[in-house]
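Here is the structure we will look at.
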Amino acid sequence: MNVPALACVLMVISTVRAFQYAELARYIDSHQEEYVEALRDWVAIESDSSNVFRRPDLHRMMDVAAQKLRLMGGTVELVDIGEQELPNGQKLALPKVVTALFGSDPSKHTVCIYGHVDVQPAKLEDGWATEPYNLTDVNGNLYGRGASDNKAPVLAWIHAVGAYQALSLELPVNVKFVIEGMEETGSNGLDAMIVAQRDTFFSDVDYIIISDCGWLSRRPALTYGTRGNCYFFAEVEGPKQDLHSGVYGGTVIEPMTDLVGILDTLISPSGTILIPGIREAVAPLSDEEWRMYQDIQFDLDHYKTKIGVSELMYTNKVDLLAHMWRYPTVTIHGIEGAFSDPGTKTVIPAKVTAKFSIRQVPDMDPATVKKQVTDYLHSVFAKRKSPNKLKVTMVIGAKPWLADTQHPLYEAGKAAVKRVFDMDADLIREGGTIPIARTFQDVTGKSIIMMPIGGFDDGLHSQNEKMSRSNIFLNFMELF
Ligand SMILES: *[C@@H]1O[C@H](CO)[C@@H](O)[C@H](O)[C@H]1NC(C)=O
Ligand SMILES: [Zn+2]
């Protein structure tokens, strides 16, 4: 599906002859619609891992992915990774992890491709121009939830293997897949699975490739770092039931007022995190990093237009990129239990739960952050002398990941991008979280490279997420 990306990787590890590229290019070009149909089928499955009512769809998604790999002759397993416990104590089966193997020639290197097929929630009424689970082609952009994050990239790798098979070309490497279904909620259960299979499935893996990220601009990119994420629930509970504000307003200390009050102490209007200890833990920006950021192609005005704001937090490129990638942020996402429907309701909500998260960077540690945030919120809450009850829980604690850009794998990656695209790769980081990168690194000790396939304007996690045909089917014939 995406031969340029595959070509990069394969060139990292071996040399593939030019005539094979031409043959692959022709094959892929003539099968484009088939690939789009495959993506359409996958996008149609509402595999939202954050919504417990969608769990059957998520299980089906894993089965569909496994079946596709099985039909291609892969050695496929659906690995049971147990259950998750919901906040209400209920247990729910986690989606199985799909593992697959193509080739086991001991004289070849083994590449392991990681991807996920779960998605973020999406509803038409969130502001989508098209049905989020009905892949829609508008001027070569394929709109649909999960199209870019991460279904098309996973399919790209699978179809790339398929193209080699269809042409009876020998794969220059053994290829393994690890496909999970809980990435969007913190990869529950995957860490334990990787630990458990370290000496089996992962024992002969030489390199791990992740394509769960996007380019920064129109220049091809290699990604060498991601932020982690600590996600918190802060619940304030007061009266035993919702109350009428006309009847009871003025007599009770309202949970919502308490909650909004403590939320306002997390971050200053200019973006400074006010939780003690967080900023102190951040690794300082080095001169070398500063220089690298200077070289990256990034247009602030375009960025502003893309997201539709008149002003950004920072006015120069280096500061903006640094705060996008290598400094922590606090984001308040929503309040459960609050009145949020259209219209007016004169309610005093009895229990409200704020959802907020803090993006993690080196050298922050989620366990420490959990304590810092919990202690801080309780101390701020105590000052209010409220009779209501505050409960703070951290529901996701994902560490950041950072690779050495001088590592031979990255050097090879740079050379490969140069050869394929005839331009230098931007070395970028991701503001988002791919928790598994850090786990792969810690547990397997293998080298990891992130090779984005998605475009810079794909709208991940947002309304109108898309994957461009041009990003999937780059006109790579011109590249050789
Ligand atoms: C998807 O959208 C197309 C037109 O945009 C429509 O014809 C088709 O019926 C839709 N499919 C589903 C399953 O809603
Ligand atoms: Zn993703």
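Just so you know, ligand 1 is whichever comes first in the structure, and atom 1 is the first atom listed for that ligand.
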Any side-chain donor-acceptor pair under 3.5 Å between His407 and Ser447?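 Yes, because at least one side-chain N or O of His407 sits under 3.5 Å from a partner of the opposite role on Ser447.
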Answer yes or no: is there a donor N or O on one side and an acceptor on the other, between the side chain of Arg359 and the main chain of Gly432, under 3.5 Å?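 No, the answer is negative, given that no donor and acceptor are paired below the 3.5 Å cut-off.
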Any N, O or S atom of [X] closer than 2.8 Å to the Zn ion (ligand 2):
| X | result |
| --- | --- |
| Asp212 | yes |
| Cys213 | no |
| Glu183 | no |

Per-atom contact, [atom], protein heavy atoms, under 4.0 angstrom:
| atom | value |
| --- | --- |
| atom 2 (O) of ligand 1 | yes |
| atom 7 (O) of ligand 1 | no |
| atom 12 (C) of ligand 1 | yes |

Minimum heavy-atom distance between Val119 and Asp149, given as atom pair plus value: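 Closest heavy-atom pair between Val119 and Asp149: CG1-O, 4.3 Å.
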Could you walk me through whether Tyr143 and Trp128 pass the ring-ring contact (aromatic ring centres under 6.0 Å, His included) check? CA-CA 9 Å; Tyr143 290 92; Trp128 282 69; 7.8 Å; no
Tell me, which protein residue and heavy-atom name are nearest atom 14 (O) of ligand 1, and how many Å apart are they?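 The protein heavy atom lying closest is Asn134 ND2, 3.4 Å.
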With a 6.0 Å cut-off (strictly less than), is the heavy-atom count around CD of Glu77, excluding the residue itself, greater than 12?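 Counting other residues, nucleotides and ligands, CD of Glu77 stays at 12 neighbours or fewer.
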Name of the Asp149 N, O or S atom nearest the Zn ion (ligand 2)?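 Sorting the N, O and S atoms of Asp149 by distance to the Zn ion (ligand 2) puts OD1 first.
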So how far is it from Ile267 CD1 to Ile358 CD1, rounded to the nearest 0.5 Å?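 Separation between the atoms: 9.0 Å.
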